[in-house]
Amino acid sequence: MHVRPWSTVESALRASDDGIPDAENAKLHGVALKTIRRWRRDYQRRSLPRGQSHTSARCPRCENGVLDVAAYAELLGWYLGDGHLVEARREVLVLTIVNDQKYVEANARLVVLMRAVKPGGRPHVRERPGAIVTAMGWKHWTCLFPQHGPGRKHDRGIVLEPWQRAVVEEEPAAFLRGLFHSDGSRVRNWASRRVPGTGEVRRHDYARWQFSNRSEDLLELCGWALDLAGVPWRRSSRTHVSVSRRAAVARLDTLIGVKR
């Protein structure tokens, strides 16, 4: 990371391109001679990408940046399920998602998703007992996640803006992947029934997907997205959306994959 403003680096590189000697260039820009030489080595001889891409990514909402719709839809599901924003210094917000450490592929995918939504971003990954914390700072997270607010999500209304609903309508499977891989699970259930005419009791085992949350708004969003994806579902309890029919479970398996 550059201590000097990037405008200073660019100006020094232009001066070097114009043939100004390193010592004079250093004095002109108020930096050390070795700093000028390092900039020339990195950006002129080694042709490394110029600029701090992790801080210069353009916001898709307020700066006409490009949005990776599929990655955003999935990250939105993760944010609504297990994510939150933390205010840091200099108006930067940190998107933080905590996930069980046993899901190695899912934790690696979170890094990919954050980088896709904020091109050039540098997610930070750290361990805490039993969990992996994936986080990345950006001043524009509230542009992309306007649902941010004080308190827990289930204690306040969660409503998607029209442009977010359009994203989910375009990528319902990605949104469902984020929701179910954050606050959902795929479990084995069983039921018993008596065979008519014989009295025999038989046990039936079956797979079931469940999305669990105390927010009525999030449960309704999950059901809406399942409808968009053509997956039958039901409310199995006040806090659960369940996908239990064999064909529906198979379809959801295909759409979102098993969490690993």
Side-chain angles (χ1 to χ4, degrees), residues 59-61 67-87 93-100 103 106-107 109-118 121 123 131-138 140-186 209-229 231 233 235-243 252 255-259:
C59 174
R61 296 297 300 160
L67 179 66
D68 186 323
V69 175
Y72 172 74
E74 188 171 346
L75 191 60
L76 174 63
W78 274 100
Y79 164 72
L80 292 176
D82 265 340
H84 61 279
L85 297 180
V86 178
E87 297 182 6
L93 293 110
V94 180
L95 172 61
T96 303
I97 297 176
V98 182
N99 190 40
D100 195 311
Y103 297 115
N107 288 316
R109 182 164 180 79
L110 281 171
V111 172
V112 173
L113 292 174
M114 289 186 184
R115 285 176 174 166
V117 174
K118 181 192 175 185
I132 298 295
V133 180
T134 306
M136 188 168 70
W138 199 12
H140 296 281
W141 281 129
T142 50
C143 297
L144 295 181
F145 299 125
Q147 288 71 34
H148 172 61
R152 298 179 179 180
K153 296 188 188 78
H154 65 266
D155 291 330
R156 51 190 169 85
I158 301 295
V159 179
L160 296 186
E161 293 193 354
W163 69 270
Q164 291 178 299
R165 293 184 69 88
V167 165
V168 176
E169 288 169 354
E170 183 176 342
E171 296 286 350
F175 180 66
L176 288 169
R177 188 180 304 115
L179 283 181
F180 277 94
H181 285 191
S182 60
D183 258 359
S185 60
R186 190 184 189 278
W209 278 101
Q210 285 187 317
F211 175 71
S212 307
N213 205 284
R214 286 189 286 173
S215 168
E216 183 65 27
D217 288 341
L218 290 186
L219 293 167
E220 289 182 1
L221 285 174
C222 181
W224 169 63
L226 287 168
D227 287 340
L228 291 173
V231 178
W233 60 279
R235 286 287 294 270
S236 55
S237 74
R238 186 179 63 84
T239 58
H240 289 83
V241 167
S242 296
V243 176
L252 194 55
L255 289 175
I256 71 175
V258 177
K259 184 178 179 181

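- Arg235 meets the side-chain hydrogen bond (donor to acceptor under 3.5 Å, both in side chains) test with Glu216; sequence neighbours excluded.
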Quiz prompt | side chain to side chain contact (heavy atoms under 4.5 Å, CB included) between Leu176 and Leu228, intermediate numbers included | solution = CA-CA 10 Å; Leu176 288 169; Leu228 291 173; over 6 Å; no
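- Side chain of Asp183 to backbone of Gly77: no donor-acceptor contact under 3.5 angstrom is found.
- Of the candidates Leu179, Leu160, Val167, Leu221, Leu160 is the only one forming a side chain to side chain contact (heavy atoms under 4.5 Å, CB included) with Leu76.
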Quiz item: Does the pair Cys222 and Phe180 meet the rule for a side chain to side chain contact (heavy atoms under 4.5 Å, CB included), with working shown?
Solution: CA-CA 9 Å; Cys222 181; Phe180 277 94; 3.7 Å; yes
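- The two atoms that bring Gln164 and Pro146 nearest to each other are NE2-CD, 3.6 Å, heavy atoms only.
- Remark: Arg186 CZ to Leu252 CG distance equals 9.0 Å, nearest 0.5 Å.
- Shortest non-hydrogen contact noted between Trp138 and Pro60 is CH2-CD, 4.0 Å.
- Every residue two or more places apart in sequence or in another chain that forms a side-chain hydrogen bond (donor to acceptor under 3.5 Å, both in side chains) with Asp227 is listed here: Trp233.
- Geometrically, Arg165 engages Trp224 in a cation-pi contact, judged by NZ or CZ lying under 6.0 Å from the ring centre and within 45° of the ring axis.
- Between the CD atom in Glu74 and the CG atom in Leu110 there is a gap of 8.0 Å [rounded to 0.5 Å].
- Here the closest heavy-atom approach between residue Gly81 and residue Ser182 is recorded as CA-OG, 3.5 Å.
- Using a distance-only test at 3.5 Å, with no hydrogens or angles considered, no donor-acceptor pair links the side chain of Tyr103 to the main chain of His181.
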Practice problem: Tell me, with the steps shown, if Trp209 and Val231 meet side chain to side chain contact (heavy atoms under 4.5 Å, CB included). | Solution: CA-CA 11 Å; Trp209 278 101; Val231 178; over 6 Å; no
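- Rounding to the nearest 0.5 Å gives a distance of 9.0 Å between CZ of Arg238 and CG of Leu219.
- Scanning both residues, Gly157 and Asp217, for their nearest heavy atoms gives CA-OD2, 3.3 Å.
- Applying the side-chain hydrogen bond (donor to acceptor under 3.5 Å, both in side chains) criterion to Thr239, with sequence neighbours excluded, gives no partner residue.
- For the pair Gly83 and Ile97, the tightest heavy-atom approach, listed with the atom from each and the gap, is CA-CG1, 3.9 Å.
- In this structure, the side chain of His140 does not engage the main chain of Lys118 through any donor-acceptor pair within 3.5 Å.
- Looking at heavy atoms from C-beta onward, Asp82 lies out of side-chain contact with Val98 at the 4.5 angstrom threshold.
- Closest of all the heavy-atom pairs between Pro172 and Ala225 is CB-O, 4.0 Å.
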Practice problem: Start with the C-alpha gap between Leu95 and Met136, add the side-chain angles, then the distance that decides, and say whether side chain to side chain contact (heavy atoms under 4.5 Å, CB included) holds. | Solution: CA-CA 5 Å; Leu95 172 61; Met136 188 168 70; 5.5 Å; no
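- Rounding to the nearest 0.5 angstrom, the gap separating the CG atom in Leu93 from the CG atom in Leu85 is 5.5 Å.
- With sequence neighbours left out, the side-chain contact (heavy atoms from CB on, under 4.5 Å) criterion links Arg115 to Val111, Pro123.
- For Arg156 (side chain) and Gln147 (main-chain N/O), a donor-acceptor pair under 3.5 Å exists by modelled atom type.
- Partners of His240 under the side-chain hydrogen bond (donor to acceptor under 3.5 Å, both in side chains) rule, at least two apart in sequence or in another chain, are Ser212, Ser237.
- Within 6.0 Å of the CD atom in Glu161, the count of heavy atoms belonging to other residues, nucleotides or ligands exceeds 12.
- Across Trp163, Trp141, Tyr79, Phe175, a single residue satisfies ring pair (Phe, Tyr, Trp, His ring centres under 6.0 Å) together with Tyr72, and that is Trp163.
- Remark: Glu171 pairs with no residue by the salt bridge (Lys or Arg N to Asp or Glu O under 4.0 Å) rule, at least two apart or across chains.
- A distance of 13.0 Å separates CZ in Arg109 from NZ in Lys259, rounded to the nearest 0.5 Å.
- Once rounded to the nearest 0.5 Å, the distance linking CG of Asn107 with CD1 of Ile132 reads 5.5 Å.
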